[in-house]
Protein chains: 2
Amino acid sequence: MNNPTNSDDLSLKLFVVLTRALASIRKRVEEDIKCLGLNPTEFAVLEFIYSKGEQPIQKIGQKVLIASSSITYVVDKLEQKQFIRRKPCPSDRRITHATLTDNGLKLMDEIFPKHKDAMNTIFDGLDNKEKEVMIEQLKKLGYHAEKI
Amino acid sequence: MNNPTNSDDLSLKLFVVLTRALASIRKRVEEDIKCLGLNPTEFAVLEFIYSKGEQPIQKIGQKVLIASSSITYVVDKLEQKQFIRRKPCPSDRRITHATLTDNGLKLMDEIFPKHKDAMNTIFDGLDNKEKEVMIEQLKKLGYHAEKI
DNA sequence: TATAATTATCTCGAATTCGAGATAAAAAGG
DNA sequence: CCTTTTTATCTCGAATTCGAGATAATTATA
């Protein structure tokens, strides 16, 4: 327990535990989503447009952390599934917006509340206070890793 | 700050922060590794064999959390790079072990200490006490998500 | 023992992601 | 106004991962 070599490997161990915990969590989140014929990236894109309204494709990519070539692919898929539509921007012809179709809006109105419930179930291993603490600590970790 | 709607979305927020923090961290870890011509999965496989000695391919897959078809692919790559070698198991002819080559052992002897240093730098946003707390909380989260 | 179930690995095709580079439009600098 | 730089999106090919199913060996069961 208080083995002196322990502190050497705390970072390694934290990395492993972090990776595994998020893998377990993702598995559950994915289960919640894939029965709708969506993968996590597609859901994240819909979620972003749902909360912020129509968005330039490039902004979406930044938000869901994927490369520009990948966001093109995801938007293609969502357009095929009729959940979003591309809409050229009148004031800047480089920009294409993605906007929810009626279909997409109806879908999100229906599934988003359920999704939040599912998330609360998945994260029920911690109480609210613990979640708040972990959010702060993760931000610290993330900021630090970002600016190294 | 103490907005009453806050607690509703704590799980959602924790998921986002968790995802982003790990993404930032992974970017750094990947930088540390890719200059060796390895990707994170390949490194994890080498790390596992390095610490545990030669292992059945299937055990490696379990440890690094990838599907059986993927571990075949990764072991192929590492064999091409001459860092590991396949070795049939004499007592069970279904099993193939993967073992480090001299090359692979030399590589790991050289890079593993450096890797640990890099990890300590990456995780330097938290002190040891905070890391220990986070490890425990993440385990709770992971166990819970696992057994839902 | 013969049959069924399980286990370990592999093959194959599909899905998702990336990076490099193309194209086109807008902005900045002279 | 012309050139250069930046920005937004897309195309293409490669890398990585997965799931379904094949094969072969081992173990369990009738």
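By convention in this document, chain letters (A, B, ...) are assigned in the order of the sequence lines, proteins followed by strands, and residues within each chain are numbered from 1. If you're wondering where the values come from, they're calculated on a predicted model, not measured in any experiment.
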Assign each of A:S68 and A:P90 the nucleotide of DNA chain C bearing its closest heavy atom; nearer the 5' end lies the nucleotide of A:S68
Round to the nearest Å and state the distance from B:K87 atom NZ to C:dA8 atom P. 18 Å
Under 4.0 angstrom between B:N39 side-chain N/O and D:dA15 OP1 or OP2: no
On DNA chain C, more 5' by nearest nucleotide between A:E42 and A:S91 is A:E42
If you compare every side-chain N and O of A:R86 against the phosphate oxygens of D:dC10 (OP1, OP2), does one of them come in below 4.0 Å? yes
Touch check for A:T96, heavy atoms < 4.0 angstrom, all strands: base, sugar-phosphate only, or nothing? sugar-phosphate
Can you tell me if B:T41 touches the phosphate of D:dT16, counting only side-chain N or O atoms and a distance under 4.0 Å to OP1 or OP2? no
Strictly by modelled atom types, are B:H115 and B:D32 linked by a side-chain donor-acceptor pair under 3.5 Å? yes
Does OP1 or OP2 of D:dC18 have a side-chain N or O of B:S70 closer than 4.0 Å? yes
Would you mind telling me which of A:L10, A:L12, A:D9 makes a side chain to side chain contact (heavy atoms under 4.5 Å, CB included) with B:M119? A:L12
B:S24 side chain to A:E146 side chain, donor-acceptor N/O pair below 3.5 angstrom: yes
If we count only N and O atoms by modelled type, under 3.5 Å, do the side chains of B:K131 and A:S11 hold a donor and an acceptor together? yes
Reckon B:R26 has a side-chain N or O less than 4.0 Å from the OP1 or OP2 of C:dT17? no
